[in-house]
Amino acid sequence: MVAGGLGLAAGAGAVAARDVGAPHDRAGSTGVVVPYYGPHQAGIATATQNCLHFAALDLTTKRREDVAELLRRWTDAAARMCGGEAAATVDDNPLAPPVDTGEAHELGPARLTVTFGFGVGMFTSGGQDRYGLAARRPAALADLPPFRGDHLEPGRSDGDLAIQACADDPQVAFHAVRNLIRIARGTAVLRWSQLGFSRTATNSQAQATPRNLMGFKDGTNNIRAEDAAAMSEHVWVGDEGPLWMRGGSYVVTRRIRMHIEHWDRSSLGDQEATIGRIKSSGAAFGRTRESDPVDLGAKDAGGALLVPLDAHVRLAAPISNDGVRILRRGYSFTDGVDPVTGGLDAGLFFIGFQRDPRKQFVPIQQRLAADDALNEYIRPTSSAVFACPAGTVEGRAVGAGLFEG
């Protein structure tokens with residue numbers, strides 16, 4: 001649980017969370033509010049919460065003004081819910097459906113953040129300029145290329161609009177997405193959604209490094225939101241982007257199924273060699289502490305490299321990728337039983353924010369897909385990329401600049 005008053009980095013400044021008091025002492029619930037309005041959308045630099053509900057929608061309307069109106073209504077509702085309020089002003093008319101579904105009433109804001117993104121399909125679909133926005137699509141928003149080892153399910157990939165709701169209470173995150181989908185009826189329909197139950201990376205100096213479902217500490221070398229220089233260089237869109245995207249970011253999501261049963265039968269030595277770290281401590285080979293820098297040139301007494309050439313740590317390291325880094329906000333997931341294998345359908349829902357996926361995620365993933373020893377134990381089943389506009393001020397919709405002029 002995060003105490004009230006925690007400073008959450010946002011660009012060069014800091015956005016202070018505030019504690020409005022939690023009505024109930026529910027596990028995982030908190031009265032801390034993360035301010036919705038600001039130069040960047042919350043949920044990117046915000047210290048990663050415990051729970052996730054991510055959803056992608058397809059637009060069904062043919063009218064550009066309907067899309068702009070949906071974003072206006074979404075912005076208003078998201079700001080209210082992030083403040084611990086109902087999605088709309090409550091109307092107790094017994095003859096009309098409630099304006100809020102009610103399941104988050106009395107749970108508190110729980111550090112809820114709602115982040116919106118625009119997919120390629122919002123600009124062009126089937127070669128058609130759907131809403132007169134094709135010329136305004138930023139070059140960095142492009143379909144991801146196919147990667148070796150992908151087994152993507154179309155119904156779990158892509159989308160015209162994205163909603164990322166993160167909170168310290170799963171019901172608060174679910175409530176946010178549920179009500180936003182409800183508001184979208186008649187304009188957009190749900191394409192896919194994903195729940196996450198535990199963060200798999202830390203993006204703040206105040207957070208300890210978590211473990212993923214393979215039992216390894218994950219995100220040790222992740223960008224920290226307090227590092228304004230790294231955020232500016234690797235995460236926030238600058239002058240290279242259109243005005244409506246400056247101060248925004250691009251997010252890549254990947255649903256990565258882990259073959260947990262196969263992994264669990266592997267020896268400890270094989271697991272550690274696959275990752276390139278010691279499982280118990282999180283330290284890289286040849287080091288003693290998790291925080292010690294990875295030495296990819298370290299060798300044993302016989303002259304062999306301590307970190308194998310195909311170890312995940314080696315291939316994902318910035319030094320192996322021309323200094324490129326990504327801000328990770330992934331979550332563990334479990335979706336029941338695989339009907340084919342009878343094994344657990346569980347793994348990592350990867351979320352990576354960056355300044356330009358073409359220069360960051362794509363080359364890193366191409367390297368991993370070709371040579372990573374971890375590929376023996378994983379299977380990507382969904383993939384998507386979205387442009388997340390800059391933040392906004394009260395009374396102005398997220399992404400409003402896209403529709404102006």
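Not measured: the values here are computed from a predicted model.
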Can you list the steps and then say if Asp371 with Arg314 is a salt bridge (charged side-chain N to carboxylate O under 4.0 Å, His left out)?
CA-CA 10 Å; Asp371 298 312; Arg314 175 180 292 277; over 6 Å; no
Does the side chain of Arg328 come within less than 4.5 Å of Ile223's, by heavy atoms?
no
Give a yes or no on whether Asp322 atom CG has more than 12 heavy-atom contacts from other residues, nucleotides or ligands under 6.0 Å away.
no
If you measure from the Lys or Arg side-chain nitrogens to the Asp or Glu carboxylate oxygens, is any gap between Arg63 and Glu65 under 4.0 Å?
yes
Within the 4.5 Å heavy-atom criterion, are Leu327 and His234 side-chain neighbours or not?
no
Report, as yes or no, whether the 6.0 Å neighbourhood of atom CZ on Arg80 holds more than 12 heavy atoms from other residues, nucleotides or ligands.
yes
Does Arg182, at its CZ atom, have more than 12 non-hydrogen atoms belonging to other residues, nucleotides or ligands within less than 6.0 Å?
yes
For Glu394, does the CD atom have more than 12 heavy-atom neighbours from other residues, nucleotides or ligands under 6.0 Å away?
no
4.5 Å side-chain heavy-atom contact, Thr392 and Tyr37
yes
Does the side chain of Asp100 come within less than 4.5 Å of Asn179's, by heavy atoms?
yes
Close side-chain approach of Leu195 and Phe333, heavy atoms under 4.5 Å:
no
N-O pairing of Lys217 and Glu290 below 4.0 Å:
yes
Please find out if less than 6.0 Å separates the ring center of Phe386 from that of Phe118.
no
Do NZ/NE/NH1/NH2 and the carboxylate oxygens of Asp338 and Arg257 come within less than 4.0 Å?
yes
When you measure from the side chain of Ser157 to the backbone N and O of Ser382, does any donor-acceptor pair fall under 3.5 Å?
no
List the steps and the verdict of salt bridge (charged side-chain N to carboxylate O under 4.0 Å, His left out) for Asp150 and Arg254.
CA-CA 10 Å; Asp150 278 2; Arg254 302 267 289 175; 2.8 Å; yes
A quick test of your reading: do over 12 heavy atoms of other residues, nucleotides or ligands sit less than 6.0 Å from CZ of Arg211?
yes
Do Phe403 and Trp244 make the cut of ring centroids closer than 6.0 angstrom?
no
Do Val398 and Tyr36 have side chains that get closer than 4.5 Å, going by heavy atoms?
yes
Pairwise side-chain contact, Asp169 with Arg111, heavy-atom cut-off 4.5 Å (strictly under):
no
Would a line drawn from the ring center of Tyr377 to the ring center of His259 be shorter than 6.0 Å?
no
Under a 4.5 Å cut-off applied to non-hydrogen side-chain atoms, are Phe353 and Tyr250 in contact?
no
Would you call Arg396 and Glu404 a salt bridge, taking side-chain N to carboxylate O under 4.0 Å as the test?
yes
